[in-house]
Asks: 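Attaching a single structure in structure tokens format; questions to follow.
Heavy-atom basis, side chains included; hydrogens, waters and symmetry copies ignored.
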Amino acid sequence: MKYTTRQSAILLLSDGTIFHGKSIGISGKTFGEVCFNTGMTGYQEIFTDPSYFGQIMVATNTHIGNYGVNDSEVESDSIKIAGLVCKNFSFNYSRENASGSLEDYFTKQNLICISDVDTRALVSYIRDNGAMNAVICTDGTSIEDLKKELANVPNMEGLELASKVSTKEPYFFGDENATYKISALDLGIKKNILRNLAKRDCYIKVYPFDSTYKDMSEFNPDGYFLSNGPGDPDPLFGAIQVAKEILADNKPLFGICLGHQVIGLANGIETYKMFNGHRGINHPVKNIITGKGEITSQNHGFAVRKEQLENHPELEITHLHLNDGTVAGMRMKNKNCFSVQYHPEASPGPHDSSYLFDQFVENIKSSKV
């Protein structure tokens, strides 16, 4: 194998801490909130998940790129992370059905990556000090200049990002002759959510993030869906109003991740920015209704306030995160509505929670009786 010298690169955190590494070959700099994902596989799905928009991803798995990429293993039409930090970047790959290398994939989309970083030390630092803004620099820009630029990057708290990843025009997904029709509000929807609904005999019309309830109801749907997505839910006034109007009409409603938070806000439940958030494919959740445990895929930096939810007369907690006791799911006692903070569609991740899509369809069936 030919030996090549790689350009030195740095990761600068907003508190001034610097981690050193090597560029994979794409020159430049990129800014975002640094976070980490503990998944051992599924990196391509993670990189294309719209919920990660504006975030620099730290991969805790030692090797990234070793199985290449596949054109079918994407959750959106492009890479959504702002940049990647990893330990070992594999320029070579070995998988029979790979369509190319991760290096070429990053080069085509100009995704800046720093490798050869002590990611164990970095993740430990983030866990102790919380999520913060950072910059990856591979072009030799001075530390002082980087600090000045980084100081102007907005914090994730209060940041509306759904508009950056949502569809610009409505579109359809699935079989138009399916039994059930769903209107989905795209706040950063993953493709596998649509696949899961379609294979349960649903025909989905996907609407831009700023669509109104009137817009979505013109499809005459049997149920409504509020998707996952990036950023702070608080500025999503339009989506919150949509949720309020759906609930006022008592139409079947299902929310995932950001959609779950929007439903909480529509009911007067506050959300807050977590110290680190949950990102990985092995998060333990307890279903309070059944008493069973689920291993789940998660990706969120905000959560609904548990104490407010516990005191709300019309809401009840259905799922709890077993690591920290945060709310992982809820439902309304007097409405046909439920939501979860995690990702039952997985991709990547386990399928323990895929029953939630069946539950949504059952709710639709019962509402039609």
Asks: Mind telling me whether Phe172 and Tyr203 have parallel, tilted or perpendicular rings, with 30° and 60° as the class edges?
Replies: parallel
Asks: Is it possible for you to say whether Ile114 and Phe91 belong to one hydrophobic cluster, with membership spreading through side-chain heavy-atom contacts below 4.5 Å?
Replies: yes
Asks: Does Val85 reach the side chain of Leu122, with side-chain heavy atoms less than 4.5 Å apart?
Replies: yes
Asks: Before you tell me yes or no, could you show the steps for His343 and Ser297 under side-chain hydrogen bond (donor to acceptor under 3.5 Å, both in side chains), namely the whole-Å CA-CA distance, both residues' side-chain angles and the distance that decides it to 0.1 Å?
Replies: CA-CA 5 Å; His343 286 268; Ser297 176; 5.9 Å; no
Asks: Tell me whether Asn228 contacts the main-chain N or O of Gly188 through its side chain, where contact means a donor paired with an acceptor under 3.5 Å.
Replies: yes
Asks: Just by distance, with hydrogens left out, do Asn363 and Ser366 show a side-chain donor and acceptor under 3.5 Å apart?
Replies: no
Asks: Short question: side chain of Glu160, backbone of Ala162 - any donor-acceptor pair under 3.5 Å?
Replies: yes
Asks: Quick test of your reading of the model: are Lys190 and Glu345 salt-bridged, counting only N-O distances below 4.0 Å?
Replies: yes
Asks: What are the two closest non-hydrogen atoms of Gly264 and Met330, and how far apart are they?
Replies: N-CE, 3.4 Å
Asks: In this structure, would Met40 and Tyr93 fall into the same cluster of hydrophobic residues linked by side-chain contacts under 4.5 Å?
Replies: no
Asks: Are Asp49 and Lys80 within salt-bridge range, i.e. N to O under 4.0 Å?
Replies: no
Asks: Is a side-chain N or O of Ser99 found less than 3.5 angstrom from the main chain of Asp71, in a donor-acceptor match?
Replies: yes
Asks: Side-chain contact, heavy-atom cut-off 4.5 Å: Glu270 with Asp234?
Replies: no
Asks: When you look at His278 and Asn323, which way does the side chain to side chain contact (heavy atoms under 4.5 Å, CB included) test go after all the steps?
Replies: CA-CA 10 Å; His278 298 149; Asn323 285 349; 5.7 Å; no
Asks: Judged by atom type as modelled, is there a donor-acceptor pair below 3.5 Å linking the side chain of Glu75 to the main-chain atoms of Asn192?
Replies: yes
Asks: Please determine if Glu314 and Lys335 form a salt bridge, counting it only when a charged side-chain N lies under 4.0 Å from a carboxylate O.
Replies: no
Asks: Hydrophobic clusters here meaning ILVMFWY residues chained together by side-chain heavy-atom distances under 4.5 Å, can you tell me if Tyr52 and Leu187 are in one?
Replies: no
Asks: Locate the shortest heavy-atom distance separating Ile81 from Ile46; write the atom from each residue and the value.
Replies: CG2-O, 4.2 Å
Asks: Are more than 12 heavy atoms from other residues, nucleotides or ligands located less than 6.0 Å from atom NZ of Lys306?
Replies: yes
Asks: To the nearest 0.5 angstrom, please state how far the CG atom of Asp352 sits from the CD1 atom of Ile295.
Replies: 6.5 Å
Asks: Give a yes or no on whether Met332 atom CE has more than 12 heavy-atom contacts from other residues, nucleotides or ligands under 6.0 Å away.
Replies: yes
Asks: Of Phe360, Tyr180, Tyr213, Tyr207, which is the lone residue that meets ring-ring contact (aromatic ring centres under 6.0 Å, His included) with Tyr224?
Replies: Tyr213
Asks: Between Lys205 and Glu176, does at least one N-O distance fall below 4.0 Å, as a salt bridge requires?
Replies: no
Asks: Scan Ile136, Thr17, Val34, Leu150 and name whichever one has a side-chain contact (heavy atoms from CB on, under 4.5 Å) with Leu12.
Replies: Leu150
Asks: For Lys333, does the NZ atom sit with more than 12 other heavy atoms under 6.0 Å from it, leaving out its own atoms?
Replies: yes
Asks: Are Thr48 and Tyr105 close enough that some pair of their side-chain heavy atoms sits under 4.5 Å apart?
Replies: yes
Asks: Salt bridge or not between Arg6 and Asp116? Use side-chain N to carboxylate O under 4.0 Å.
Replies: yes
Asks: Give a yes or no answer on whether the side chain of Tyr67 reaches the backbone of Gly42 with a donor-acceptor pair at less than 3.5 Å.
Replies: yes
Asks: side-chain hydrogen bond (donor to acceptor under 3.5 Å, both in side chains) between Asp215 and Thr212: does it pass, once the steps are laid out?
Replies: CA-CA 5 Å; Asp215 295 332; Thr212 64; 3.1 Å; yes
Asks: Check whether Asp222 reaches the backbone of Ile364 with its side chain - one donor and one acceptor, N or O, closer than 3.5 Å.
Replies: no
Asks: Answer yes or no: is there a side-chain heavy-atom contact under 4.5 Å between Arg200 and Ser354?
Replies: yes
Asks: Which heavy atom of Val117 sits nearest a heavy atom of Gly21, and at what distance?
Replies: CG2-CA, 4.1 Å
Asks: Answer with yes or no whether the hydrophobic clustering places Ile26 together with Leu11; edges join I, L, V, M, F, W, Y residues whose side-chain heavy atoms lie under 4.5 Å apart.
Replies: yes
Asks: Under the 3.5 angstrom rule, does the side chain of Ser90 hit a backbone N or O of Gly65 as a donor-acceptor pair?
Replies: no
Asks: Is the backbone N or O of Ala178 less than 3.5 Å from a side-chain atom of Asp201, with the two atoms forming a donor-acceptor pair by type?
Replies: no
Asks: Run the ring pair (Phe, Tyr, Trp, His ring centres under 6.0 Å) test on His319 and Tyr342 for me, step by step, so that the C-alpha distance in whole Å, both residues' side-chain angles and the decisive distance to 0.1 Å come before the verdict.
Replies: CA-CA 10 Å; His319 299 76; Tyr342 53 96; 5.8 Å; yes
Asks: To the nearest 0.5 Å, how far apart are CZ in Arg279 and CD in Gln298?
Replies: 10.5 Å
Asks: Just how far is it from atom OG1 of Thr138 to atom CD1 of Ile10, taken to the nearest 0.5 Å?
Replies: 10.0 Å
Asks: If you define the side chain from C-beta out and look only at heavy atoms, does anything of Tyr43 sit under 4.5 Å from Leu102?
Replies: yes
Asks: Consider only side-chain heavy atoms of I, L, V, M, F, W and Y, link residues closer than 4.5 Å, and tell whether Leu13 and Leu84 are in one cluster.
Replies: yes
Asks: Determine whether more than 12 heavy atoms belonging to other residues, nucleotides or ligands lie under 6.0 Å from atom NZ of Lys22.
Replies: yes
Asks: Which atoms form the tightest heavy-atom contact between Leu236 and Leu258, and what is the distance?
Replies: CD1-CD2, 3.7 Å
Asks: Angle between ring planes, Phe357 versus Phe254, binned at 30° and 60°: parallel, tilted or perpendicular?
Replies: perpendicular
Asks: Roughly how far, to the nearest 0.5 Å, is CG of Asp186 from CD of Glu169?
Replies: 12.5 Å
Asks: If I take atom CD from residue Glu33 and atom OG from residue Ser14, how far apart are they, to the nearest 0.5 angstrom?
Replies: 9.5 Å
Asks: How about Ser101 and Asn92: do any of their side-chain heavy atoms sit closer than 4.5 Å?
Replies: no
Asks: Evaluate side-chain hydrogen bond (donor to acceptor under 3.5 Å, both in side chains) for Thr271 paired with Gln261, printing each intermediate quantity in order.
Replies: CA-CA 7 Å; Thr271 59; Gln261 297 159 14; 5.8 Å; no
Asks: In terms of ring plane angle, is the pair His283 and His321 parallel, tilted or perpendicular, where the classes change at 30° and 60°?
Replies: perpendicular
Asks: If the threshold is 4.0 Å, N to carboxylate O, is there a salt bridge linking Lys214 and Glu218?
Replies: yes
Asks: Take atom CZ of Arg95 as the centre, draw a 6.0 Å sphere, and report whether it contains more than 12 heavy atoms from other residues, nucleotides or ligands.
Replies: yes
Asks: Would you check if the side chain of His312 reaches a backbone N or O of Asn267 as a donor-acceptor pair within less than 3.5 Å?
Replies: yes
Asks: Rounded to the nearest 0.5 Å, what's the gap from CD1 on Ile182 to SG on Cys202? Could you check?
Replies: 4.5 Å
Asks: State whether the side chain of Ser166 and the backbone N or O of Ser163 hold a donor-acceptor pair below 3.5 Å, judged by distance alone.
Replies: no
Asks: Between Gly280 and Thr38, what is the shortest heavy-atom contact and its length?
Replies: CA-OG1, 3.5 Å
Asks: With a 4.5 Å cut-off on side-chain heavy atoms, are Gln341 and His300 touching?
Replies: yes
Asks: Measure up the Tyr125 and Phe19 rings against each other and bin them: parallel (under 30°), tilted (30 to 60°), perpendicular (over 60°).
Replies: perpendicular
Asks: Below 4.5 Å, heavy atoms only, C-beta onward: do Leu253 and Ile263 meet side chain to side chain?
Replies: yes
